[in-house]
There are 2 protein chains.
Amino acid sequence: MSEGENRQNEALERRVRADARRNLDGLLKAAMEVFATSGVDAPVREIAGKAGVGVGTLYRHFPQRSDLIVAVFRREIDACADDAPVLAAQYPPGEALSRWMQRFVDFVSAKRGLSAALHSGDPAYEPLPAYFDQRLRPALENLLQAAEKPGEIRPGMDAIELLHAVSRLASAGGDDARRMVALLVDGLRYRAGDTQG
Amino acid sequence: MSEGENRQNEALERRVRADARRNLDGLLKAAMEVFATSGVDAPVREIAGKAGVGVGTLYRHFPQRSDLIVAVFRREIDACADDAPVLAAQYPPGEALSRWMQRFVDFVSAKRGLSAALHSGDPAYEPLPAYFDQRLRPALENLLQAAEKPGEIRPGMDAIELLHAVSRLASAGGDDARRMVALLVDGLRYRAGDTQG
DNA sequence: CCATATACGGAACAATGTTCCGTTTATCAA
DNA sequence: TTGATAAACGGAACATTGTTCCGTATATGG
């Protein structure tokens, strides 16, 4: 290959058109707003309308409805994961765990439809649980290990399993969700230090 | 009113036609089968087809899709409630509670879509949670009270709240669901006998 | 066996996800 | 600046599914 052709090895074949990027951003913004008010089941046309584009344009950027939902939720997951180390540095292990759990509950409760998408089983949403696990599992694992060491909770709890369970409980929303998650965490504490059956 | 008109006070105005009853039964049977294989989201036409009737007939008996779903699930709830007193008589309170919970988990897990319908929030499904609560709450309340008395679990747990939480966890299905519910029940045991803060 | 209320079947309608394609336009190079 | 062209756009059209409507068929009671 000639050096001229190779300049900027990636992004060689023409950069994305400005209107395309504009519309993609507008669609994400519109979708976030619509999902927040009407829920994730809102008609595609409503989102396209709010973004000021045709449905064809929407489908060019997000080949399936679910792709748009996934794109919107993806960016909401990071902030939650990043809070884990902060709380770990700020509180004793057991309390850091409790607090992050409540933080997580509030997050899932606020995003109506996240839990449903997560547990739908529909392969179209598969990238969402994948990202969810990849990002949140290490966060929770660190908290669990820190609390295991001094014997505050039972050892060997699987982080993914716990994460999924809590996200299910969280979908109830409100104080019920918070109480039930607290109860579940208390389950981790029950007979935590036992060595005999 | 004359005594002649009053004979058999209810069912006075012409008894239901035999074909109507036949079709209603057939629809329920078909729906149960279809729900079991294709899930509760299966098209109405599939159910009508399997029952050998037109969609008009289906809608005559079940004005909304959800009414059919509710009708199918309703009858599945009773058997579960009736097991509570049996287990209570057979095991010590704490174990009876654990065992019934697992029984309940298996029940909800088996009926894919029950949990979703239960927690959808759609007013069309309102009769379902209502029946669910009415039938299962007393069953669980008795188990809880029996286990509270000897101090095996913390007092004051709300049966409905617990029921809803467990049905959410149960929708995961499989061993994960069983483990998480067991963990939640252990939460009830954590510091059960404490009297000071 | 007739009259009639009841039930039936399926075409038609409405809402919504998705595809298609003729039209418009941003980008690049001359 | 301007023209060629690949890329993106818009929205009509299509497919699927819940629901309604109404002309037709039939079970029931006399």
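A note on names: the letters A, B, ... follow the listed sequences, proteins ahead of strands, and every chain is numbered from 1. The basis for the numbers below is simple: all heavy atoms, side chains too, and nothing from hydrogens, waters or symmetry mates. Quantities reported herein were computed from a predicted structural model and do not represent experimental measurements.
The shortest distance between side-chain heavy atoms of Arg154(A) and Arg191(A) does not fall below 4.5 Å.
Separating the CZ atom of Arg45(A) from the P atom of dA12(D) is a distance of 10 Å, rounded to the nearest angstrom. Whole-Å rounding puts the Leu58(A) CG to dG11(D) C1' distance at 13 Å. Atom CG of Asp67(A) and atom P of dT19(C) are 11 Å apart (whole Å). In this structure, the CG atom of Asn23(B) is 12 Å from the C1' atom of dA27(D), given to the nearest Å. When the C1' atom of dA27(D) is taken as reference, atom CZ of Arg22(B) falls 10 Å away, rounded to whole Å. A straight line from CG of Asp41(B) to C1' of dT16(D) spans 13 Å, rounded to a whole angstrom. Whole-Å rounding puts the Phe62(B) CZ to dC8(C) P distance at 11 Å.
The base of dA8(D) has none of its N or O atoms less than 3.5 Å from a complementary donor or acceptor on the side chain of Arg17(A). On a pure distance criterion of 3.5 Å, no polar donor-acceptor pair joins the side chain of Arg60(A) and the base of dT19(C). Arg15(B) contributes no side-chain N or O that forms a donor-acceptor pair with the base of dT6(C) under 3.5 Å.
How far OG of Ser171(A) is from NE2 of His119(B): 7.5 Å, rounded to the nearest 0.5 Å. To the nearest 0.5 Å, the span separating CG on Leu144(B) from CG on Leu188(B) amounts to 7.0 Å.
Nearest-nucleotide mapping onto DNA chain D: of Gln64(B) and Asp19(B), the residue sitting toward the 5' end is Gln64(B). Comparing Ala18(B) and Val55(B) by the nucleotide of DNA chain D whose heavy atom lies nearest to each, the residue mapping closer to the 5' end is Val55(B).
Side-chain proximity of Ala20(A) to the nucleotides dG17(C), dG18(D), dA8(D) is greatest for dA8(D). Side-chain proximity of Tyr59(B) to the nucleotides dG17(C), dC9(D), dG18(D) is greatest for dG18(D). Among the nucleotides dT16(C), dT19(D), dC8(C), the one closest to the side chain of Arg65(B) is dT19(D).
Within the nucleic acid shown, Gly49(A) has no heavy atom closer than 4.0 Å to any nucleic acid atom.
At dA7(C), none of the side-chain N or O atoms of Thr57(B) fall inside 4.0 Å of OP1 or OP2 (strictly under the cut-off). Contact annotation: His61(A) reaches the phosphate of dC9(D) (side-chain N/O to OP1 or OP2, under 4.0 Å).
By the 30° and 60° cut-offs, the orientation of the rings of Phe104(B) relative to Phe107(B) is tilted.
Residues Ser167(A) and Arg168(B) have side chains that never bring a donor and an acceptor to within less than 3.5 angstrom of each other.
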